[in-house]
Asks: 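Got a structure for you, questions after.
All values below come from the heavy atoms of this structure, side chains included, with hydrogens, waters and symmetry mates left out. Residues: numbered from 1 along the sequence shown.
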Amino acid sequence: MKVQPPTLVGSLVLSKHLSGKKMRVAVFMLPFLLPNSTIAACYTEGAAARLSNYCAMDRIQGARVDLRTVQLIDYKLKLEGSSNGLGLPTRVAANMVTNFAYPILSYSDDINGGNSAEPLVLGELTFDGEEELYRKKGIVVGLGAGLKERYIYGQGRYLNYGLNASYVHSPQHGIGIATTSANVSSINHIKNWWYLDVHANTSRMSKDITDDKSSNLTVVTSKVYSSGDNTYNEASFGVNRYFAESYNQNQLVLGYDTIHPNGVFSAVDVTFGESVKNQLASKMSLRAKVIIKLADKPLTVSASYADADGGRLLGFERSDETYSISATYNLWSNLTASVGYRTTNSTIDYFDVNTPTFGVQFSSFEF
């Protein structure tokens with residue numbers, strides 16, 4: 001099915017030749033309402049704006065809709081760089097900057113970047129680590145802040161920028177974790193719901209013992225379409241260049257997002273990485289999530305699998321498999337809680353990890 005940015009609103013055709021006044025009168029005179037749940041299901045938690053807009057525009061074709069629905073879709077389209085939207089006279093700023101701050105409360109299984117307290121066994125050799133370098137676990141609290149900016153510079157084209165910094169502290173151990181990150185994305189609607197996007201990001205996490213830095217440069221093409229029966233999909237394919245401190249890696253990235261007829265959202269992402277000699281590097285990772293409404297609030301269930309190989313330690317080969325599962329629920333409008341579990345099985349037992357994951361996320365304060 002082919003969905004174009006429509007001039008059709010409800011059962012009325014808003015001609016490009018109508019004056020702004022006549023257009024506003026025509027919209028206000030729409031007498032029937034499209035059920036709110038029909039469009040609300042499109043703007044479900046987790047779905048990208050382009051996928052939600054496609055869903056909403058398809059569902060209003062040939063239907064009569066109320067003014068609020070028209071205004072919502074028109075605004076969402078214009079945020080994505082559509083200068084005309086649904087033809088309403090409202091405008092959005094070409095440049096939008098938001099500053100934000102947020103409190104943090106979570107659990108960390110490695111606050112200091114330390115080592116396992118278990119002995120390192122390699123064949124017939126056994127190594128005992130220094131106690132002061134053992135991994136520390138516990139609750140951390142802190143604060144994060146940043147800014148995000150969108151600059152619309154063309155039809156269906158815009159840039160996203162972002163900066164973020166946070167610091168969390170462990171009252172139990174008297175140490176903390178500092179994290180900084182930056183990102184920029186170029187979003188480009190090519191034609192007929194085909195997109196070409198370029199993303200770049202970098203991050204740094206400083207702990208008491210370790211200081212980790214990494215960056216990514218990704219080029220992705222995607223297509224938004226309907227597979228019938230009120231099911232809407234975005235399929236994506238791209239390449240990523242991963243930059244770590246000790247190696248670089250080329251990766252292939254695939255994604256498939258779906259808004260289902262009942263408003264459930266699902267997403268599957270797969271990454272394949274090339275082999276890196278003598279470095280433990282990602283071979284394949286798989287992430288999947290489903291978002292449903294429970295008591296009219298979003299519940300996200302996520303699962304992931306990652307396979308890394310190529311590592312060597314004192315001549316012994318190392319490969320790791322990591323599994324995780326988590327659930328996130330919006331307890332109140334400004335409070336989200338998450339709980340889960342992560343396990344890593346390594347060919348070198350010293351690197352095995354089994355840990356719960358949980359945290360509380362507060363909504364950010366924008367200013």
Asks: Say you draw a straight line from CD of Gln251 to OH of Tyr242; how long is it, rounded to the nearest 0.5 Å?
Replies: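 These two atoms lie 8.0 Å from each other.
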Asks: Considering only Ile, Leu, Val, Met, Phe, Trp and Tyr, and joining two whenever side-chain heavy atoms are under 4.5 Å apart, list the other residues clustered with Ile104.
Replies: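 Ile104 shares its hydrophobic cluster with Phe100, Tyr102, Ile111, Val140, Val168, Ile175, Ile177, Met205.
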Asks: Would Glu234 and Tyr256 count as a side-chain hydrogen bond (donor to acceptor under 3.5 Å, both in side chains) if you check the C-alpha gap in whole Å, the side-chain angles of each, and the deciding distance to 0.1 Å?
Replies: CA-CA 6 Å; Glu234 180 177 5; Tyr256 197 77; over 6 Å; no
Asks: Checking side-chain polar atoms at under 3.5 Å, does Asn160 have a donor or acceptor matched by the opposite partner on Tyr151?
Replies: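 Result is no, nothing qualifies.
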Asks: When you measure from the side chain of Asn330 to the backbone of Leu335, do you find a donor-acceptor pair of N or O atoms at a distance under 3.5 Å?
Replies: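 Indeed, once roles are kept as given, a pair shorter than 3.5 Å links the two residues.
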Asks: Go through the side-chain N and O atoms of Asp320 and Thr344 and say whether any donor and acceptor fall under 3.5 Å apart.
Replies: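 Note: Asp320 and Thr344 side chains miss the donor-acceptor criterion.
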Asks: Does Ser52 use its side chain to pair, donor to acceptor, with the backbone of Cys42 at less than 3.5 Å?
Replies: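 Yes, the answer is positive, given that a donor and an acceptor are paired below the 3.5 Å cut-off.
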Asks: What is the distance from atom CD1 of Ile152 to atom CD1 of Ile187, rounded to the nearest 0.5 Å?
Replies: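 So the gap between those two atoms works out to 12.0 Å.
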Asks: Which atoms form the tightest heavy-atom contact between Glu149 and Asn95, and what is the distance?
Replies: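 Where Glu149 meets Asn95 most closely, the heavy atoms are OE2-OD1, 2.7 Å.
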Asks: Search all heavy atoms of Thr126 against all heavy atoms of Pro119 and return the closest pair with its distance.
Replies: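 Shortest heavy-atom separation between Thr126 and Pro119 comes out as CG2-CB, 3.9 Å.
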Asks: With a 3.5 Å distance limit and no angle check, can you tell me whether Tyr329 reaches the backbone of Leu294 through a side-chain donor-acceptor pair?
Replies: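 Yes, the answer is positive, given that a donor and an acceptor are paired below the 3.5 Å cut-off.
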Asks: Which heavy-atom pair separates Gly114 from Arg135 by the least distance, and what is that distance?
Replies: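 Nearest heavy atoms, Gly114 then Arg135: O-NE, 3.8 Å.
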Asks: Determine, stepwise, if the pair Thr322 / Thr343 fulfils side chain to side chain contact (heavy atoms under 4.5 Å, CB included).
Replies: CA-CA 6 Å; Thr322 300; Thr343 181; over 6 Å; no
Asks: Is the side chain of Lys207 donor-acceptor paired with the backbone N or O of Asp110 at a distance under 3.5 Å, no angle test?
Replies: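 Yes: the side chain of Lys207 pairs with the backbone of Asp110.
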Asks: Any pair with a residue in residues 79-106 that passes salt bridge (charged side-chain N to carboxylate O under 4.0 Å, His left out), sequence neighbours left out, goes on the list, sorted by first then second residue, please.
Replies: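 The answer is Glu80-Arg150.
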Asks: Can Val220 be reached from Val198 by stepping across I, L, V, M, F, W or Y side chains whose heavy atoms are under 4.5 Å apart?
Replies: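 No, Val198 and Val220 fall in different hydrophobic clusters.
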Asks: How about Asn115 and Tyr350: do any of their side-chain heavy atoms sit closer than 4.5 Å?
Replies: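 They are in side-chain contact.
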Asks: Could you please spell out the steps behind the side-chain hydrogen bond (donor to acceptor under 3.5 Å, both in side chains) verdict for Asp309 and Ser319?
Replies: CA-CA 4 Å; Asp309 66 3; Ser319 62; over 6 Å; no
Asks: Scan Trp194, Trp193, Tyr232 and name whichever one has a side-chain contact (heavy atoms from CB on, under 4.5 Å) with Val224.
Replies: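 One option only clears the test, and that one is Trp193.
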Asks: Out of curiosity, Asn354 CG to Tyr341 OH, how far, rounded to the nearest 0.5 Å?
Replies: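 The OH atom of Tyr341 is 4.0 Å from CG of Asn354, to the nearest 0.5 Å.
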Asks: Is the backbone of Lys137 close enough, under 3.5 Å, to the side chain of His173 for a donor and an acceptor to pair up by distance?
Replies: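 Flag set: sc His173 to bb Lys137 pair under 3.5 Å.
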Asks: Would Arg342 pass as a cation-pi partner of Tyr323, given that its NZ or CZ must be under 6.0 Å from the six-membered ring centre and within 45 degrees of the axis?
Replies: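 Checked: cation-pi criterion not met.
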Asks: Report yes or no: do Tyr153 and Val184 belong to one cluster of Ile/Leu/Val/Met/Phe/Trp/Tyr joined by side chain heavy-atom distances under 4.5 Å?
Replies: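 Hydrophobic grouping puts Tyr153 with Val184.
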Asks: Testing Asn201, Thr202, Asn183 one by one against Ser215 for a side-chain hydrogen bond (donor to acceptor under 3.5 Å, both in side chains), which residue passes?
Replies: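 Running side-chain hydrogen bond (donor to acceptor under 3.5 Å, both in side chains) over Asn201, Thr202, Asn183 with Ser215 returns exactly one hit, Thr202.
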Asks: Is the backbone N or O of Arg68 less than 3.5 Å from a side-chain atom of Asp66, with the two atoms forming a donor-acceptor pair by type?
Replies: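 Confirmed, Asp66 side chain pairs with Arg68 backbone.
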Asks: Does Gln155 form a side-chain hydrogen bond (donor to acceptor under 3.5 Å, both in side chains) with Ser83? I'd like the steps, not just the answer.
Replies: CA-CA 6 Å; Gln155 187 67 17; Ser83 58; 2.9 Å; yes
Asks: Less than 4.5 Å apart, side chain to side chain, heavy atoms only: is that true for Leu313 and Leu122?
Replies: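 With C-beta onward as the side chain, the pair touches.
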Asks: Report the C-alpha distance between Phe362 and Thr336 in whole Å, list the side-chain angles of each, state the deciding distance to 0.1 Å, and finish with yes or no for side chain to side chain contact (heavy atoms under 4.5 Å, CB included).
Replies: CA-CA 6 Å; Phe362 300 89; Thr336 300; over 6 Å; no
Asks: Would the distance check show the side chain of Asn84 and the main-chain N or O of Gly87 forming a donor-acceptor pair, the cut-off being under 3.5 Å?
Replies: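 No; judged by distance alone, with no hydrogens or angles, the pair does not exist.
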Asks: Give, for atom NZ of Lys297 and atom CD of Glu45, the distance between the pair rounded to the nearest 0.5 Å.
Replies: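 Answer for the NZ-CD pair, Lys297 versus Glu45, is 13.0 Å.
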Asks: Contact between Leu286 and Val268 at the side-chain level, heavy atoms closer than 4.5 Å - yes or no?
Replies: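 Yes - at least one pair of side-chain heavy atoms lies under 4.5 Å apart.
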Asks: Does any N or O in the side chain of Asn188 come within less than 3.5 Å of the main-chain N or O of Asp197, such that one atom is a donor and the other an acceptor?
Replies: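 No; judged by distance alone, with no hydrogens or angles, the pair does not exist.
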Asks: Could you tell me which non-hydrogen atom of Leu280 sits nearest to which non-hydrogen atom of Tyr247, and how far apart they are?
Replies: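 Looking at all heavy atoms of both residues, the closest pair is O-OH, 3.7 Å.
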Asks: Ser181 vs Arg204, test: side chain to side chain contact (heavy atoms under 4.5 Å, CB included). Steps then yes/no.
Replies: CA-CA 6 Å; Ser181 64; Arg204 179 177 183 177; over 6 Å; no
Asks: Please determine whether residues Leu252 and Tyr305 belong to a single hydrophobic cluster, defined as Ile, Leu, Val, Met, Phe, Trp and Tyr linked transitively by side-chain heavy-atom distances below 4.5 Å.
Replies: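 They do share one cluster, since a chain of ILVMFWY contacts under 4.5 Å joins Leu252 to Tyr305.
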Asks: Answer yes if Tyr43 and Leu86 sit in the same cluster of Ile, Leu, Val, Met, Phe, Trp and Tyr residues linked by side chain heavy atoms under 4.5 Å apart, and no otherwise.
Replies: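 Per the 4.5 Å side-chain linkage, Tyr43 and Leu86 are co-clustered.
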Asks: Verify, without hydrogens or angle tests, whether Gln249 (side chain) and Glu274 (backbone) share a donor-acceptor contact under 3.5 angstrom.
Replies: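 Pair found, side chain donor or acceptor close to backbone of Glu274.
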Asks: Indicate yes or no: at least one non-hydrogen side-chain atom of Ser246 is less than 4.5 angstrom from one of Gln279.
Replies: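 Side-chain contact under 4.5 Å: yes.
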Asks: Are a donor atom and an acceptor atom from the side chains of Ser304 and Ser324 found within less than 3.5 Å of each other?
Replies: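 The criterion, which ignores hydrogens and geometry beyond distance, is satisfied for Ser324 and Ser304.
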Asks: What I'd like to find out is whether the side chain of His199 reaches to under 4.5 Å of the side chain of Asn216, using heavy atoms alone.
Replies: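 Side chain of His199 against side chain of Asn216, heavy atoms only: no contact under 4.5 Å found.
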Asks: Please set out all donor-acceptor pairs under 3.5 angstrom arising from side-chain atoms of residues 258-267, sequence neighbours excluded.
Replies:
{"unit_1": "Thr258", "atom_1": "OG1", "unit_2": "Asn233", "atom_2": "OD1", "d": "3.0"}
{"unit_1": "His260", "atom_1": "NE2", "unit_2": "Ser266", "atom_2": "OG", "d": "2.9"}
{"unit_1": "Asn262", "atom_1": "OD1", "unit_2": "Val264", "atom_2": "N", "d": "3.2"}

Asks: I'd like to check Tyr225 versus Leu51 (side-chain heavy atoms, cut-off strictly below 4.5 Å). Are they in contact?
Replies: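 In short, these two side chains do not touch, never coming nearer than 4.5 Å.
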Asks: Do other residues, nucleotides or ligands put more than 12 heavy atoms under 6.0 Å from the CZ atom of Phe365?
Replies: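 At most 12 heavy atoms, drawn from other residues, nucleotides or ligands, come within 6.0 Å of this atom.
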Asks: Quick check for you: to the nearest 0.5 Å, what is the distance between Cys55 atom SG and Arg50 atom CZ?
Replies: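 Here the interatomic distance stands at 15.5 Å.
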Asks: Can you confirm whether more than 12 heavy atoms, excluding those of Lys283, are under 6.0 Å from its NZ atom?
Replies: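 No, not enclosed.
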Asks: Under a 4.5 Å cut-off applied to non-hydrogen side-chain atoms, are Met57 and Ile73 in contact?
Replies: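 In short, these two side chains touch, coming nearer than 4.5 Å.
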Asks: Show your working on side chain to side chain contact (heavy atoms under 4.5 Å, CB included) between Leu88 and Tyr75 and close with a plain yes or no.
Replies: CA-CA 9 Å; Leu88 298 186; Tyr75 176 71; over 6 Å; no
Asks: Answer yes if Phe237 and Met284 sit in the same cluster of Ile, Leu, Val, Met, Phe, Trp and Tyr residues linked by side chain heavy atoms under 4.5 Å apart, and no otherwise.
Replies: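 Phe237 and Met284: one cluster.
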Asks: Flag the pair Lys213 and Glu245 as a salt bridge only when some basic side-chain nitrogen lies within less than 4.0 angstrom of an acidic carboxylate oxygen.
Replies: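 Between Glu245 and Lys213 there is no salt bridge, as every charged N stays at least 4.0 Å from the carboxylate O atoms.
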Asks: Taking atom CD1 of Ile60 and atom CD1 of Ile39, what is their separation to the nearest 0.5 Å?
Replies: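 So the gap between those two atoms works out to 6.5 Å.
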Asks: Keeping Ser226 on the side-chain end and Gly228 on the backbone end, is there a donor-acceptor pair under 3.5 Å?
Replies: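 Yes, the answer is positive, given that a donor and an acceptor are paired below the 3.5 Å cut-off.
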Asks: Salt bridge or not between Lys78 and Asp74? Use side-chain N to carboxylate O under 4.0 Å.
Replies: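 Between Asp74 and Lys78 there is a salt bridge, with a charged N closer than 4.0 Å to a carboxylate O.
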Asks: May I ask you to test the Phe127-Val121 pair for a side-chain heavy-atom distance under 4.5 Å?
Replies: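 No; the side chains remain at least 4.5 Å from each other.
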